[in-house]
J.: 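Dumping the structure here so I can ask a few things about it.
Computed from a predicted model, the values in this text were never measured in an experiment. We use all heavy atoms of the structure for the numbers below, so side chains are in, but hydrogens, waters and symmetry mates are not. Chain naming here is simple, since letters A, B, ... match the order of the sequence lines and numbering starts at 1 in each.
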There are 2 protein chains.
Amino acid sequence: MRFSTRAGYGLRAAVNLARNYPKQISLQEISREEGISLKYLEQLFRTLKKNKLVLSQKGREGGYVLSKNPRMIKVGEIIETLEGPIIPMECAAGKCDVKCSCASSVVWTRLQEQIKKTLYSIRLNDLTK
Amino acid sequence: MRFSTRAGYGLRAAVNLARNYPKQISLQEISREEGISLKYLEQLFRTLKKNKLVLSQKGREGGYVLSKNPRMIKVGEIIETLEGPIIPMECAAGKCDVKCSCASSVVWTRLQEQIKKTLYSIRLNDLTK
DNA sequence: TTAATTCCTAGTTTATTACTATGTTTTTAT
DNA sequence: ATAAAAACATAGTAATAAACTAGGAATTAA
């Protein structure tokens, strides 16, 4: 049971932006500071942008900023954007066949709730102190 | 973010044993009832046995039983046995390099705690009703 | 006009998961 | 005794996804 490095890297990058908020930061800086491949960061930020979590400016002296105050951005948003929805097991996805009306599905739905609850209770600015 | 089918299948099989406890059940029966490959079940049960969660009897009329009353077996035991320890991100493993003394690591450790707490608060007999 | 940046698509490598194949050994019913 | 049914064991394969790279195009400010 692991979250992907997309989530790990993405969160670190987002915290970096949160620390610098509202200053605009280039991915090169983040890449250098966090030791994450620039090209990989570009991919991550494309999806972050598509989901309106960051704003960007192209061209020289360009970069990214969080789209809202870090106080308003929940860690869960970043992670679900980069990883897709939190679904520990098919059972918890709702699309259950007969076999999955099984007793153990309550484990996975309860787990799903708890994970989401945890991730959505932490905001980016909680991680900048 | 997904748990493996090992955990899903293994849990279902364990719940099946719990329902039949203390009767001994063969993997063929479980395979038939749960629609899980027999050979795959054999693998899973080898590791369950190695970790003393089940007892076995070889030979004709043989099979498996839970090693303890289902009241005493936590879902987390089954899952961690089959999947390995719950570590949402390297950060949470303790073996953190400099980069991972980062702010975001508190997310992963808190998440780890919550997941464990959830999985260890449910017992097999909670799933047999 | 050049350098630095975001933006875009596709490809490649690597690792893991999921599952299969082919047995051996043990035990019980017949 | 023998045959069937079960656990036990190892190795191999196929599919999938994750992680990352390559090579650019478009944009913008110094």
J.: Could you write out each protein N or O paired with an N or O of nucleotides 23-27 of chain C at a distance under 3.5 Å?
T.:
| residue | atom | partner | partner atom | Å |
| --- | --- | --- | --- | --- |
| C:dG23 | O6 | B:Lys39 | NZ | 3.2 |
| C:dT27 | O2 | B:Arg60 | N | 3.1 |

J.: Hey, what do you get for CZ (A:Arg12) to CG (A:Leu127), rounding to the nearest 0.5 Å?
T.: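 Rounded to the nearest 0.5 Å, the CZ-CG separation comes to 13.0 Å.
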J.: Would you mind reading off the distance between B:Glu90 atom CD and C:dA15 atom P, rounded to a whole angstrom?
T.: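 Answer to the nearest Å: 14 Å.
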J.: Quick check for you: to the nearest 0.5 Å, what is the distance between B:Leu17 atom CG and B:Thr128 atom OG1?
T.: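 Here the interatomic distance stands at 12.0 Å.
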J.: From B:Glu34 CD over to B:Leu41 CG, what is the distance, rounded to the nearest 0.5 angstrom?
T.: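 Result: 8.5 Å between the selected atoms.
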J.: In whole Å, what is the span from the CD atom of A:Gln28 to the P atom of C:dC7?
T.: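 Distance check: A:Gln28 CD to C:dC7 P gives 15 Å.
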J.: Just N and O in the side chain of B:Ser37: are any of them under 4.0 Å from OP1 or OP2 of C:dT20?
T.: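 Indeed, a polar side-chain atom of B:Ser37 lies that close.
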J.: For chain B and DNA chain D, what are the first and last nucleotides along the strand, 5' to 3', with at least one atom under 4.0 angstrom from a heavy atom of the protein chain?
T.: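 Footprint of chain B along DNA chain D, 5' to 3': D:dA4 to D:dA11.
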J.: Could you state the atom-to-atom distance from CD of B:Gln43 to P of C:dC19 in whole Å?
T.: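 Spelled out: CD on B:Gln43 to P on C:dC19 is 10 Å.
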J.: Do we see a donor-acceptor contact under 3.5 Å between the side chains of B:Tyr64 and B:Glu29?
T.: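 The criterion, which ignores hydrogens and geometry beyond distance, is not satisfied for B:Glu29 and B:Tyr64.
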J.: For the pair made of OH in A:Tyr40 and P in C:dT14, what is the distance, rounded to whole Å?
T.: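 After rounding, the reported distance stands at 15 Å.
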J.: To the nearest Å, give me how far apart CG (A:Asn51) and P (C:dC7) are.
T.: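 That distance rounds to 14 Å.
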J.: How long is the line joining CZ of B:Arg46 and C1' of C:dC19, in whole Å?
T.: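 Nearest whole value for this atom pair: 13 Å.
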J.: Specify the separation, in whole Å, of atom CG of A:Leu38 and atom C1' of C:dA3.
T.: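 Computing the A:Leu38:CG to C:dA3:C1' distance gives 15 Å.
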J.: With nearest nucleotide decided by heavy atoms, which residue, A:Glu61 or A:Phe3, maps closer to the 5′ end of DNA chain D?
T.: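 Going by which nucleotide is closer to the 5' end, it is A:Phe3.
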